[in-house]
Amino acid sequence: MAVTYALIFRFETTFIGNVILVKQRNLPMDYRPLENEEKWIHVWAKEGLNKTQAHSDKPKYYVLEMFPYPSGKLHMGHVRNYTLGDTLARFKRMQGFQVLHPMGYDSLGLPAENAAKAHHIHPETWTLAKIEEMKAQQVRLGFSYDWEKEVVTCLPTYYRWNQWLFLQLYKKGLAYKKKAPVNWCTPCQTVLANEQVEDGKCWRCKTMVTSKELEQWFFKITHYADDLLKGLDMLSGWPEKVRLMQENWIGRSEGVQIYFQVQNKPETLTIFTTRPDTVYGITYMVLAPEHPKVLEWVKDTPYESDALAYIKKAKQKTKIDRTDAKQKKEGMFIGQYAVSPFTNEAVPIWISDYVLMDYAQGAVMAVPAHDARDFEFAKMYNLPMKIVIEGGGGDEAYTQPGVIINSDSYTGMSSLEFKALIALDIEKKGFGKKHVQFRLRDWLLSRQRYWGTPIPIVYCEACGPVPVPESQLPIELPKDVEFKWEGNPLDHSAAFTHTLCPTCGKGARRETDTMDTFVDSSWYFLRYCSPSDATQPFSKNEANAWLPVDQYIGGVEHAVLHLLYARFFTRALRDLGLHDVEEPFQRLLTQGMVIKDGAKMSKSLGNTVDPSVIINAYGADTARLFILFGAPVERDLEWSDTGVEGSFRFLGRVFRLCTEHRDKYALQPNKERELQKQLHKTIQKVTQDIGSFSYNTAISKLMELVNFMYMNGTTQQGVETLVLLLAPFAPFISEELWNCFGYKSSVHKATWPIFDPALTVDDVITMVIQVNGKIRDSLEVSAEITQETLEKAALESEKVQKFLEKHTIIKKIFVPKKLLNIVVKPE
RNA sequence: GCCGGGGUGGCGGAAUUGGUAGACGCGCCGGUCUCAAAAACCGGUGGAGGCGACUCCGUGCCGGUUCGAUUCCGGCCUUCGGCACCA
C-alpha cells in the first residue's frame with residue numbers, strides 16, 4: 001500500500017546521500033477524505049438526516065437492497081449492491097420524494113451454527129457480534145439507511161411473526177406436512193435444499209447426498225402457480241431474464257389426463273400427456289418405480305423379485321442422478337397390461353426411473369416414434385414403434401407437427417388440429433380430461449437445524465399434530481443448548497421438546513424442525529414498514545402506503561428462489577387480508593458481480609479486495625465512485641486498482657476546483673453562455689441517467705463538466721451545481737464542499753437542480769458532408785441551416801469537390817442537424 | 001439439447017426511431033513546473049501507409065436491405081449464465 005499512501009498524503013521526498021527524508025506537504029486546502037468523512041457520519045446521525053419522513057403529500061419511493069447474511073465483513077458485491085441503492089435513494093430525496101431506505105440482517109442459518117460448533121460460542125452471540133461489525137462498515141460507507149427501521153430476523157421479535165404467519169397459512173391449508181423423498185446429508189444430519197447440493201454433493205462436507213423419505217413441512221406454493229405465472233406479465237420493470245427463469249421454473253404445461261383400464265384388474269391407470277395427438281402411437285406404458293400401484297400389480301408375478309430389487313436401487317439414487325438426462329435409461333416389464341381406450345389394444349406396463357413420481361401422476365404413455373425419451377428406451381429394450389405422424393421412422397424420434405396417419409378416422413388431419421379435437425373427444429367419451437400441469441413443486445420448509453425459526457406445532461399422542469395457540473408465541477429457541485452432538489440440537493433439549501398439548505393438556509412433544517431461512521426473507525420488506533410493531537407482523541396501513549417496493553436491487557442468484565418465494569408470500573398474505581398489494585417489487589435490478597482477474601472474487605481463489613482496505617486508503621466516496629463508474633450496473637465489474645486511483649483523482653480535481661483560490665478558476669471572459677449550456681446539459685444528462693441506472697455515463701458527464709471548468713473557469717453557481725449533482729454518488733465530499741460554500745443545511749436536503757431545455761440547445765453545430773456515404777468534410781454551421789444553404793457550402797468545399805470530379809450527382813440526402821449525403825456516379 | 005445475455009482500441013467502456021464509431025476513465029507518450037522525482041496542470045493516443053496535406057482499412061465471421069449499418073434482416077462462429085429425462 002506504500003504507493004497508495006503516497007497518493008493520499010502527498011509526501012515530499014528528498015534524497016540526501018542514501019537517506020530518504022519524507023515530510024508531509026502542508027496543503028490545507030487539499031482533498032483529505034480520511035480526515036473529513038467520519039466527521040459527517042456523526043453530524044448526519046445527530047441531525048437524524050436519514051430518518052424516514054412521516055407521510056405527507058410528497059410521493060413515496062421505496063428503495064430496497066437485498067439484506068445480507070451477517071458474516072461479519074462486507075465484500076465488494078455488498079458494497080456494489082448498497083451503493084447502487086443509496087445513490088438512487090439520495091437522488092429521489094433531493095427530487096422531493098419521501099424515501100424509505102432500510103437495512104436489516106438475514107441472520108438465521110447454518111454458518112452461525114457451524115461457528116457455534118467450531119468455536120464453542122452461542123449462535124446468537126456470534127451473529128449479533130457479526131451484525132455490529134457489518135453495520136459499522138455500512139455506516140462508514142455513508143449509506144443513508146434509517147436505522148430505526150432495522151430488521152434482524154434472528155430476534156424473537158421478528159421470528160415470532162414467522163410462527164404467527166405459519167399458523168395463518170396452516171389454518172388456510174397452505175402449510176401442510178407430508179412424507180416426501182428429500183436430499184439427505186448423513187454427516188450433517190439434515191435435509192438440504194436443492195441449491196445446497198452441488199454436483200450431487202453436500203456443499204459443506206462434500207459427501208454424496210442421498211434420498212430419504214421423511215415427514216416434512218411444505219408451503220403450498222403450487223396453489224398460486226398460475227397466478228404467479230400470470231403476474232409476471234405485469235412486471236415490466238423486471239429483467240426479461242428473471243421473468244423467463246421464473247416462467248421456466250413454474251413450468252406450465254397444457255395437456256390431457258387419460259385413464260387406461262388395467263387388464264384383469266379393477267383399477268385404471270391415469271397418465272398425463274401434452275401430446276394427445278400421438279395416442280394412436282402408444283406401444284407401452286411406463287410408471288415411476290415408486291408409483292403406489294406397482295407393488296400391488298407386480299405381486300405374485302414372475303417379475304416380483306426383480307422389480308423389488310429395481311425399485312430399491314432406484315430409490316437409492318439421488319435426485320441429481322435421477323434427473324440427469326445423460327444417464328442411460330433402465331427399466332423392466334412388470335407383467336401387467338393396460339388397454340388403450342382408442343384402439344382397445346393391450347400394451348405392456350413397464351417401470352423406469354426416467355419417470356418421476358413427483359410430476360403429474362408418475363406415469364406416462366410411451367410413444368417411441370414421436371418422443372425422444374421413449375425412443376431411446378424402446379431402442380434399448382426392443383419395444384415396438386408405431387408411426388402416427390408423417391415424417392416418423394428415422395434414426396430418431398420425430399417430434400414435430402405433421403400429418404396424422406394410422407389413427408382411425410383422424411388420419412389425414414394436421415396434428416395441431418387433431419391435438420385440439422382429440423382432447424375434446426377424450427372428454428366427451430369419458431376417457432379422460434383436459435389438465436394443466438405445473439413443474440413447480442411445493443416449498444419444503446423443514447430444516448433439522450437449531451438456528452432457525454421453530455415451527456409452532458406440538459405432537460400429542462391423543463390429538464395428533466396441534467398448532468400452538470397464538471397467545472403462546474413466540475416459541476423461543478432455548479439458550480441452554482449444547483452443540484456437541486451431530487444433528488439437531490433441539491432434539492437434545494428436554495426443556496424445549498417436552499410440553500403440554502394445547503388441546504387436551506396432556507404431555508406432548510414439540511416439533512423440532514425449524515423453518516428454512518427463505519421464510520424470513522419472504523416478508524421482511526413488509527416488516528420494514530413498521531419494524532417495532534409488537535402486536536402484528538406489520539401494520540396494514542403502513543404496508544399499503546409504502547408497498548410495492550419501487551426499486552429492488554440484488555444479485556441474479558435469487559432470480560427463482562427468494563424472488564419467487566417473496567411473490568408467493570405477498571399473495572398469500574394479501575389473501576389473509578393483511579395488506580392489499582399483489583406484486584412486492586415493482587422494478588428489479590440484478591446487478592453484475594465484482595470480479596478480479598476475470599473471475600468472481602473468492603477466498604479460495606485469493607483474488608478478493610477488502611472494502612475496508614480501500615476505504616482506509618482512499619475514503620468511502622472514492623470506493624463508491626469507482627464502483628459506479630467502472631461498469632454498467634447489470635454487467636460484471638472488473639476490479640482495477642488504477643481505476644480506483646482515477647476516481648480518487650477526479651474527486652481531488654473537484655475539491656481543488658471548488659476550494660482553491662477563486663480567481664484561479666474564475667470564468668474566462670465571454671464564456672457565460674457556454675458555461676450555462678454545459679451546466680444545463682449536464683443536469684439533463686445526469687438526471688436522465690440516474691433514472692435509467694446509467695450511473696457510469698452520468699459520472700462521465702460530470703467529469704466532462706469538471707474538465708470544462710478547468711479549461712474555461714467557473715462561477716459560484718457553476719461549482720454549486722456540480723456539487724449538487726455529485727451528492728448522490730459521493731455524499732461526503734459533496735457535504736464538505738457545500739459546507740465550505742457557507743451553507744448551514746445539508747447538501748442532501750437541497751433540491752435537485754432543474755434544467756431549462758432551451759438552454760441545452762446548440763445554436764452552432766457540426767454538420768457532416770458525405771459523398772456516397774463516406775465522410776469527406778464537416779462544417780460548423782447554424783443549427784437552423786437550410787438544405788439549400790448547406791448544399792451551397794458543401795459544393796464550395798475543396799475536400800468535397802475532389803470526390804465530385806468526373807461524377808454526376810444523382811441525389812442529395814439532407815438530415816437536419818446531422819448531415820448532407822451527396823450521391824454520385826461516375827460519368 | 002433448450003432458453004437467455006454478450007462479442008467495439010492495449011484495458012474498463014461510450015454511441016442504436018439507421019446518420020461524424022471509440023465520449024469518459026485507465027494505461028502509454030510528450031510538454032510545463034522541479035536540482036531531480038512525485039503530485040498537479042496542459043497536449044497526444046484505433047490500425048496501416050505517407051515528410052506532409054491526406055488516403056485506405058476498421059464494431060466476432062459471411063451474406064442481404066439501404067444514399068448510408070456497431071445499429072435492421074438471414075445464416076454461422078464464439079463466450080458467459082440459467083434450465084436440463086417435467087411426459
Side-chain angles (χ1 to χ4, degrees), chain A residues 3 6-7 9-15 25 27 30 239-245 247-249 251-253 255 271-275 278 286 288 322-327 329 352-356 358-367 371-374 376-377 437-441 556-557 559-560 593 626 629-632 634-647 649-650 652-653 656 694 696-704 706-707 710-711 766-775 777-778 798-799 802 810-813 815-824:
Chain A
V3 177
L7 239 174
F9 294 113
R10 318 183 82 217
F11 292 117
E12 191 165 274
T13 53
T14 310
F15 293 83
R25 230 197 252 180
L27 289 173
D30 207 0
E240 184 67 16
K241 179 187 180 174
V242 176
R243 289 187 345 209
L244 275 167
M245 282 166 79
E247 199 179 309
N248 293 338
W249 189 265
R252 185 181 195 274
S253 298
I271 61 98
F272 173 72
T273 181
T274 55
R275 294 296 306 273
T278 62
V286 191
R322 250 319 258 286
T323 54
D324 182 1
K326 286 185 206 94
Q327 73 161 354
K329 295 181 181 21
S352 171
D353 62 6
Y354 82 87
V355 177
L356 307 173
D358 59 351
Y359 183 75
Q361 276 68 37
V364 301
M365 63 179 211
V367 185
D371 180 279
R373 295 150 303 182
D374 298 342
E376 187 194 331
F377 194 75
Q437 183 65 43
F438 292 93
R439 208 189 72 112
L440 180 70
R441 312 288 154 83
V556 74
E557 65 272 16
V560 165
M593 291 186 298
F626 170 71
F629 181 62
E634 291 196 84
R635 265 202 248 170
D636 289 349
L637 168 68
E638 172 75 34
W639 189 264
S640 156
D641 291 332
T642 52
V644 174
E645 294 198 2
S647 293
R649 207 173 296 158
F650 169 69
R653 266 167 83 77
R656 288 187 293 278
S694 305
N696 56 335
T697 51
I699 292 167
S700 80
K701 194 70 189 172
L702 289 174
M703 288 171 168
E704 286 184 62
V706 170
N707 291 345
Y710 265 80
M711 273 187 283
T766 307
M767 292 215 36
V768 167
I769 311 301
Q770 297 181 334
V771 178
N772 281 353
K774 293 204 174 191
I775 294 148
D777 201 359
S778 59
E798 282 179 33
K799 290 177 187 173
K802 245 169 73 181
I810 301 167
K811 63 173 163 178
K812 301 179 193 111
I813 288 147
V815 183
K817 300 192 180 172
K818 297 279 185 194
L819 56 73
L820 174 73
N821 186 12
I822 303 169
V823 185
V824 297

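Just the heavy atoms: all of them, side chains too, but no hydrogens, waters or symmetry mates, feed the values below. Predicted model only: the values in this text are computed from it and were never measured. Chain identifiers are assigned alphabetically (A, B, ...) following the order of the sequence lines, protein sequences preceding nucleic acid strands; residue numbering begins at 1 within each chain.
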Under 4.0 Å, heavy atoms only, any strand: does Val355(A) hit a base, just the sugar-phosphate, or nothing? base
Can you name the side-chain hydrogen bond (donor to acceptor under 3.5 Å, both in side chains) partners of Asp641(A), sequence neighbours left out? Trp639(A)
OP1 or OP2 of C26(B) sitting under 4.0 Å from any side-chain N/O of Arg649(A)? yes
Glu704(A) has a side chain; which of A23(B), G13(B), C42(B) sits nearest to it? A23(B)
Once you apply a heavy-atom cut-off of 4.0 Å, does Ile813(A) come out as touching a base, just sugar-phosphate, or nothing? base
Which part of the nucleic acid does Ser253(A) contact within heavy-atom distance under 4.0 Å: base, sugar-phosphate only, or nothing? sugar-phosphate
On a heavy-atom basis, which atom in Thr273(A) and which in Met365(A) lie closest, and how many Å separate them? OG1-CE, 3.5 Å
When you match Val823(A) and Asn248(A) each to their closest nucleotide on RNA chain B, which lands nearer the 5' end? Asn248(A)
Scan Glu634(A) against the nucleic acid and name what it touches under 4.0 Å (heavy atoms): base, sugar-phosphate only, or nothing. nothing
For Tyr710(A), which contact category applies under a 4.0 Å heavy-atom criterion: base, sugar-phosphate, or nothing? sugar-phosphate
Can a salt bridge be assigned to the pair Asp371(A) and Arg275(A) using a cut-off of 4.0 Å between side-chain N and carboxylate O? no
So, the side chain of Asn696(A) versus the backbone of Gly630(A): is there a donor-acceptor pair under 3.5 Å, distance only? no
For Gly630(A), report the nucleic acid contact type (base, sugar-phosphate, nothing); a contact means any heavy atom under 4.0 Å. sugar-phosphate
How is Pro239(A) classified with respect to the nucleic acid when contacts are heavy atoms under 4.0 Å: base, sugar-phosphate, or nothing? nothing
Can you tell me whether the side chain of Glu240(A) and the base of G5(B) have a donor-acceptor pair closer than 3.5 Å? no
Students often get this wrong, so: under 4.0 angstrom with heavy atoms, is Leu819(A) touching a base, only sugar-phosphate, or nothing? base
Per nearest nucleotide of RNA chain B, the residue lying toward the 5' end, Gln770(A) or Leu637(A), is Leu637(A)
